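One structure is given here, and the rest of the page talks about it.
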There are 2 protein chains.
Amino acid sequence: MTTQEQEFELLGFFKALADENRLKIIGLLAQQPRSVEELSAVIGLGMSTTSHHLARLAKAGLVSARTDRHYYIYSLHTDTLKDMSQRLLQDEQIRQLSEPASSDAYDQKVLSSFLDGEGRVKTFPAQDKKLQVILRYVVKAFEPGQRYPEKQVNEILLRFNEDTAFLRRSLIEYRLMGREGGGGAYWRIDPD
Amino acid sequence: MTTQEQEFELLGFFKALADENRLKIIGLLAQQPRSVEELSAVIGLGMSTTSHHLARLAKAGLVSARTDRHYYIYSLHTDTLKDMSQRLLQDEQIRQLSEPASSDAYDQKVLSSFLDGEGRVKTFPAQDKKLQVILRYVVKAFEPGQRYPEKQVNEILLRFNEDTAFLRRSLIEYRLMGREGGGGAYWRIDPD
DNA sequence: AAATCATTTCTATAGTTATCGAAATATTAT
DNA sequence: ATAATATTTCGATAACTATAGAAATGATTT
């Protein structure tokens, strides 16, 4: 089962139960199976409306009907209800509600705001979170595992902005690059 | 907590989660707390819309915000989610979703269809379920605990319909009255 | 086969809600 | 204080859904 299907299933489950009259139906069917006519009389709705609600509940796998004499007798699928609520108790199920990949949408938005057409940094964002997006973008100009003297670092950073000192300092501060105190060698720190 | 409040709370819970984008928000906040701006960028909605969704989730007690720097950081209340889903696992919670008293609405509807203005039975319904409603109505004319000879039973039943034999037989069949084989004594069986 | 009855499907309408853009509010930085 | 920025509130619109009544379908009895 894919993440999207999971989400859809859970969404259908919640939508099915997000109605006052459908909750009442669930409650009545939990007591005993009942016909459409009986249900609509008890909760005070037209039979077509009740039928509609039952169809939605059935689509979510919460009820089903068997035919008995003149009547369609609907009954509750308690196990579906319990399966779903138990799934909610599992942390992983909740975390997977949003596709993990889509997280760069935010980065894209920040980048398009603060970069010009040639990929240079127009201005530096004041907020940490946005600045980090910019820095993660800039640091890709360095090869992982390679060591750079300060002079070369400045040359590379100059492609992004005049203020190489600020960039250099920030890259160190946010632990995207490392620096060796003595010889002035820099290197890119791998993201983990 | 009254039954109505319970239902309302559960209804609010389901309504809060019955939206695709709110489910995504829940998923994102399960990974880590985030700001409105970040959330709206990632799921691709306007910030006002995202704010609206967050407000609904907060109303249901599912998220809350703390302020940090420029941002309002929203985080997930995992315990609310778990409380609710555990409540669903308890059978009593589900049965109480509909007020128990309201079950006579159906009876009322059946009675008004098959009784005339004086409380007499116009015709006998063909369906078991409806016939039972009529019989439960008729049997109230007998005092619990008292014994009636057949002749008196017929007199009483005559107030409801000419066909006293059918009524008598049905009352026995559906175990609303008992009969003593020998002397022909009848009595009303208490509902349990 | 015809008749009766329960249920569903169809059609239309009213109420609710998701959405966005603009204006207002709140918070932090200068 | 003033400016900058993030968030919420407001107003309007579009999409969705609950609802009822009428017509169609399906099932049961005679």
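In this text, all values refer to a predicted model and were calculated from it rather than measured experimentally.
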Original post:
Take atom NZ in Lys151(B); do more than 12 heavy atoms of anything else shown fall under 6.0 Å from it?
Top reply: no
Original post:
Would you say a side-chain N or O of Tyr74(A) is under 4.0 Å from OP1 or OP2 of dA6(C)?
Top reply: no
Subject >> Candidates dT19(C), dT19(D), dA6(D) - which lies nearest the side chain of His52(B) >> reply: dT19(C)
**OP:** Give a yes/no on whether any side-chain N or O of Lys15(A) is located under 4.0 angstrom from OP1 or OP2 of dT17(D).
**Re:** yes
Subject >> Arg66(B), CZ atom: more than 12 neighbouring heavy atoms under 6.0 Å >> reply: yes
Original post:
Nearest-Å distance, CD1 (Ile43(B)) to P (dA18(C))?
Top reply: 12 Å
Subject >> Ring-ring centroid check Phe142(A) Tyr186(A), cutoff 6.0 Å >> reply: no
Subject >> Whole-Å distance separating the CG atom of Asp19(A) from the P atom of dC16(D) >> reply: 18 Å
Subject >> Asn154(B)-Arg168(B) side chain donor-acceptor pair, cut-off 3.5 Å >> reply: yes
Original post:
Closest to the Ser48(A) side chain: dT19(C), dA20(D), dT8(D)?
Top reply: dA20(D)
Original post:
Out of dT7(D), dT17(C), dT19(C), which has the shortest distance to the side chain of Asn21(B)?
Top reply: dT19(C)
**OP:** Return the value, rounded to whole Å, for the distance between atom CZ of Arg56(A) and atom P of dT9(C).
**Re:** 14 Å
Original post:
Rounded to the nearest 0.5 Å, how far does CG of Leu54(B) lie from CG of Leu62(B)?
Top reply: 11.0 Å
Original post:
Is any NZ, NE, NH1 or NH2 atom of the basic residue among Asp107(A) and Arg136(A) found under 4.0 Å from an Asp or Glu carboxylate oxygen of the other?
Top reply: yes
Original post:
Whole-Å distance between dA18(C) P and Leu23(B) CG?
Top reply: 12 Å
Subject >> Residue whose closest nucleotide on DNA chain C lies nearer the 5' end, Lys130(B) versus Thr49(B) >> reply: Lys130(B)
Subject >> Nearest-angstrom distance from the residue atom CZ of Arg66(A) to P of dA27(D) >> reply: 15 Å
**OP:** Kindly calculate the angle separating the two end axes of the helix from dA1(C)-dT30(D) to dT30(C)-dA1(D), each obtained from five base pairs, and round it to 10 degrees.
**Re:** 40°
**OP:** Round to the nearest Å and state the distance from Arg22(B) atom CZ to dA18(C) atom P.
**Re:** 4 Å
**OP:** Pick base, sugar-phosphate or nothing for Thr50(B), based on heavy-atom distances below 4.0 Å to the nucleic acid.
**Re:** nothing
Subject >> Any His53(A) side-chain N or O less than 4.0 Å from OP1/OP2 of dT19(D) >> reply: yes
Original post:
Rounded to whole angstroms, how far apart are CG on Leu57(A) and C1' on dA18(D)?
Top reply: 13 Å
Original post:
Of the nucleotides dA18(C), dT7(C), dT7(D), which has the atom closest to the Met47(A) side chain?
Top reply: dT7(C)
Original post:
So which nucleotide from dT7(D), dT19(C), dT8(C) ends up closest to the side chain of Leu45(B)?
Top reply: dT19(C)
Subject >> Separation of dT5(D) C1' from Phe114(A) CZ (nearest whole Å) >> reply: 10 Å
Subject >> Euclidean distance, His53(B) NE2 relative to Glu20(B) CD, rounded to 0.5 Å >> reply: 10.0 Å
Original post:
Taking 4.0 angstrom as the limit, do Lys130(B) and Glu38(A) come out as a salt bridge?
Top reply: no
Subject >> Distance test, side-chain N/O of Tyr72(B) to OP1/OP2 of dT5(D), below 4.0 Å >> reply: no
